[in-house]
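The structure under discussion is supplied below as structure tokens; questions concerning it will follow.
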Amino acid sequence: MMKKGLVVYKLYRALTHGLSPLIRLHLRWRRFLGLEHPHRWLERLGLPSQPRHAGPLLWFHAVSLGEGMIAVPVIKHCIRRMPHLNVLMTITTMSSFEVLSKSLPSGIILQFSPVDTPTSIHSFLDYWKPNAIVLMESELWPNLIMDASRNGIKLALLNARMSEKSFKIWSRPVLLPLISLMLSKFSLIVPLSTEQGIRFQLLQAPPYIINFSGDLKYVIEDFGVNERGRIDIDNLRLELTQKKVWMASSIHSGEEEIILGVHNALMQQQPNTMTIIVPRHPQEGREIAKKLEKEGQNVVLRSQNEKFKPGTDIYVVDTLGELRLLYTLTPIAVIGGSLLPGLSGHNISEAAAAGCAVLTGCLQMNPRVLDYEK
């Protein structure tokens, strides 16, 4: 199995090396679209923008804001145990950079993560020389894992998860040897549930490296919400006291049409309904608001700090870092990323922890499902 895994990995390495020029062009295009940082996009190629201080360095890698928020309590605990430790955190998305760059404890180095090409990973590891790497949730990249192992760098996977779709892909005869090889390089895998732990064992992760701690999303902190922001949400709560509130969060492009259909049906039964829409990507909030206004909806956009007007029945949230507190405003949350074909859904733990009744999946939405008076 290991020999087959090495063969598949060498093919992957050769492919990513050959595609490196196209990946660089792709990053330039993303920069043009505003999806990469205008000045720090070269970090995605493994080129650093900050100095590496002397001493041991622990690298935490997360994709987006959610994974980054999970990592922060762990980082703080590590620093308390080892005050001399250097901590590097990498993220991928602009939204996570905007929040975490303002919210991380002082002294933590924040960089954009390198793409998984041999040159980028080599440049990154050669400069930062981490003593250990902590990957969050599902960041299993072959070049990163194999190069780290080759350099004697310890690897851990925290809050480890693998969707059913990914599990089926990795279980295929061609890819199973590769994932088995990659998982054998880890010293620690901490799945977020027993089910997830079983999936990693079925993919031939060594059983002795799997340890359970529960879902770390239950211990994350609130970022992007200062005292003024908390007061603002409390004021919002007061404005909503006379409304029948429900929220649709992590909504992907196109799903707002489904949510709007439910909203219109609810308005016929409960005219004092307030629908809160939280797009998966906050920058899409303004576009959604404009689109709904053209369709005759009474919309307020959160970033505009406007009070509700008579007749306002849709509230679009286009800000970052507030979702956990916003869940406390509603008894019902519909989790997006699951209402259209090809989407795999999002974690419901934050909404559940806030006490929301949670709906997710490809539902034939009936407004009676959301009529929480019955």
Side-chain angles (χ1 to χ4, degrees), residues 26 29-30 33-36 62-70 91-99 136-139 161-166 168-169 217 224 245-266 274-295 297 299-303 314-324 326-327 329-330 332-352 354 356-367 369-370:
H26 178 65
W29 176 245
R30 283 176 55 84
L33 295 176
L35 299 176
E36 298 288 344
V63 178
S64 58
L65 181 58
E67 290 86 352
M69 291 169 69
I70 293 171
I91 38 79
T92 300
T93 65
M94 284 288 291
S95 58
S96 56
F97 176 81
E98 291 172 7
V99 174
M136 304 305 300
E137 297 210 348
S138 56
E139 284 300 277
R161 66 175 177 86
M162 183 167 292
S163 68
E164 184 177 353
K165 180 180 178 181
S166 296
K168 289 179 179 178
I169 292 173
K217 282 200 172 183
V245 183
W246 71 290
M247 176 190 290
S249 64
S250 297
I251 297 301
H252 288 243
S253 179
E255 290 186 311
E256 74 277 2
E257 295 291 343
I258 299 173
I259 299 305
L260 181 60
V262 177
H263 170 80
N264 290 335
L266 283 171
M274 174 65 72
T275 299
I276 302 176
I277 299 177
V278 187
R280 177 65 175 171
H281 304 291
Q283 63 269 22
E284 296 177 357
R286 189 178 297 273
E287 298 173 9
I288 291 175
K290 288 182 178 178
K291 180 179 179 181
L292 294 177
E293 286 174 346
K294 287 181 180 178
E295 296 176 3
Q297 300 293 332
V299 182
V300 167
L301 196 63
R302 176 152 182 76
S303 62
I314 297 181
Y315 190 60
V316 178
V317 177
D318 59 338
T319 54
L320 286 166
E322 299 181 303
L323 187 55
R324 292 185 74 208
L326 289 169
Y327 276 133
L329 301 176
T330 174
I332 295 177
V334 175
I335 311 299
S338 60
L339 306 178
L340 294 175
L343 300 177
S344 57
H346 295 291
N347 196 308
I348 68 172
S349 61
E350 284 185 310
C356 296
V358 179
L359 297 178
T360 186
C362 297
L363 307 173
Q364 293 295 324
M365 284 290 202
N366 184 322
V369 172
L370 297 174

Review point. Rounded to the nearest 0.5 Å, how far apart are CE of M274 and CG of L329?
Key: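 Reported value, rounded in 0.5 Å steps: 11.0 Å.
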
Check your understanding: Quick one: CD1 on I288 to CD on E293, what's the gap to the nearest 0.5 Å?
Key ->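 If we round to the nearest 0.5 Å, I288:CD1 and E293:CD are 12.0 Å apart.
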
Review point. Looking at OG1 of T93 and CD of E67, how far apart are the two atoms once the value is rounded to the nearest 0.5 Å?
Key: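 Rounded to the nearest 0.5 Å, the OG1-CD separation comes to 8.5 Å.
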
Point to revise | Nearest-0.5 Å distance, OG1 of residue T275 to CG of residue L292 | key: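 Output value for this atom pair is 10.0 Å.
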
Review point. Is a side-chain donor or acceptor of D318 paired with a backbone partner of Q283 at a separation under 3.5 angstrom?
Key: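 It does not hold such a pair.
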
Review point. Mind checking whether I258 and L340 have side chains closer than 4.5 Å, heavy atoms only?
Key: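 Counting from C-beta outward, I258 and L340 do come under 4.5 Å.
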
Review point. Is it true that a side-chain atom of E255 and a backbone atom of G336 form a donor plus acceptor pair closer than 3.5 Å?
Key: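 Checking the backbone N and O of G336 against the side chain of E255, no donor-acceptor pair under 3.5 Å is found.
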
Point to revise | Shortest non-hydrogen contact from L323 toward S249 | key: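 Result for this residue pair: CD1-CB, 4.1 Å.
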
Review point. side-chain hydrogen bond (donor to acceptor under 3.5 Å, both in side chains) between T360 and S338: does it pass, once the steps are laid out?
Key: CA-CA 6 Å; T360 186; S338 60; 3.2 Å; yes

Exercise for review: Take the angle between the ring planes of H346 and H252 and call it parallel below 30°, perpendicular above 60°, tilted in between.
Suggested key: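 Parallel: the ring planes of H346 and H252 meet at under 30°.
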
Review point. Yes or no on side chain to side chain contact (heavy atoms under 4.5 Å, CB included) for V300 and I314, after CA distance, side-chain angles and deciding distance?
Key: CA-CA 7 Å; V300 167; I314 297 181; over 6 Å; no

Check your understanding: Between CD of E284 and NZ of K291, what distance do you get to the nearest 0.5 Å?
Key ->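 The CD atom of E284 sits 10.5 Å away from the NZ atom of K291.
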
Point to revise | Closest heavy-atom pair and its distance - A333, A351 | key: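 Nearest pair, atom of A333 first, then A351: CB-CB, 4.1 Å.
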
Practice item. Report yes if some heavy atom in the side chain of I259 is under 4.5 Å from a heavy atom in the side chain of I277; otherwise report no. Key: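 The answer is yes, as the side chains (C-beta and beyond) meet within the 4.5 Å cut-off.
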
Practice item. Compare every heavy atom of A62 with every heavy atom of M136, then report the nearest pair and how far apart it is. Key: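 Distance-wise, the nearest heavy atoms are CG-CB, 4.1 Å.
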
Review point. Can you find a heavy atom in the side chain of T330 that is under 4.5 Å from one in the side chain of C356?
Key: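 When only atoms from C-beta onward are counted, C356 and T330 do touch, with a gap below 4.5 Å.
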
Check your understanding: Do V262 and W246 come close enough that some side-chain heavy atom pair is under 4.5 Å?
Key ->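 Yes, side chains in contact.
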
Review point. Roughly how far apart are L260 CG and Q297 CD, rounded to 0.5 Å?
Key: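 Going from CG on L260 over to CD on Q297, the span is 5.0 Å.
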
Exercise for review: For R286, look at atom CZ and say whether over 12 heavy atoms of other residues, nucleotides or ligands are found less than 6.0 Å away.
Suggested key: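 Counting other residues, nucleotides and ligands, CZ of R286 stays at 12 neighbours or fewer.
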
Point to revise | Nearest heavy-atom neighbours spanning I251 and A248 | key: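 The pair with the smallest heavy-atom distance is CG1-O, 3.5 Å.
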
Review point. Taking C-beta and beyond as the side chain, do S138 and R161 meet within less than 4.5 Å on heavy atoms?
Key: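 A side-chain contact under 4.5 Å exists here.
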
Point to revise | E256 side chain vs G254 backbone, donor-acceptor pair below 3.5 Å | key: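 Flag set: sc E256 to bb G254 pair under 3.5 Å.
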
**Study point:** Where R324 and E350 come nearest, the two heavy atoms and their spacing
**Key:**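 That closest heavy-atom pairing would be CG-OE2, 2.9 Å.
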
Exercise for review: Can you see which heavy atom on L301 is nearest to which on G285, and at what distance?
Suggested key: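 Answer, listing the atom of L301 first, then G285: CD1-O, 3.7 Å.
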
Practice item. Report yes if some heavy atom in the side chain of I70 is under 4.5 Å from a heavy atom in the side chain of E137; otherwise report no. Key: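 The answer is yes, as the side chains (C-beta and beyond) meet within the 4.5 Å cut-off.
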
Review point. Do V278 and S250 touch side chain to side chain, with heavy atoms closer than 4.5 Å?
Key: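 Sidechains of S250 and V278: no contact.
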
Review point. Heavy atoms, side chains only, cut-off 4.5 Å: are L326 and M247 in contact?
Key: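 Yes; the side chains approach each other to less than 4.5 Å.
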
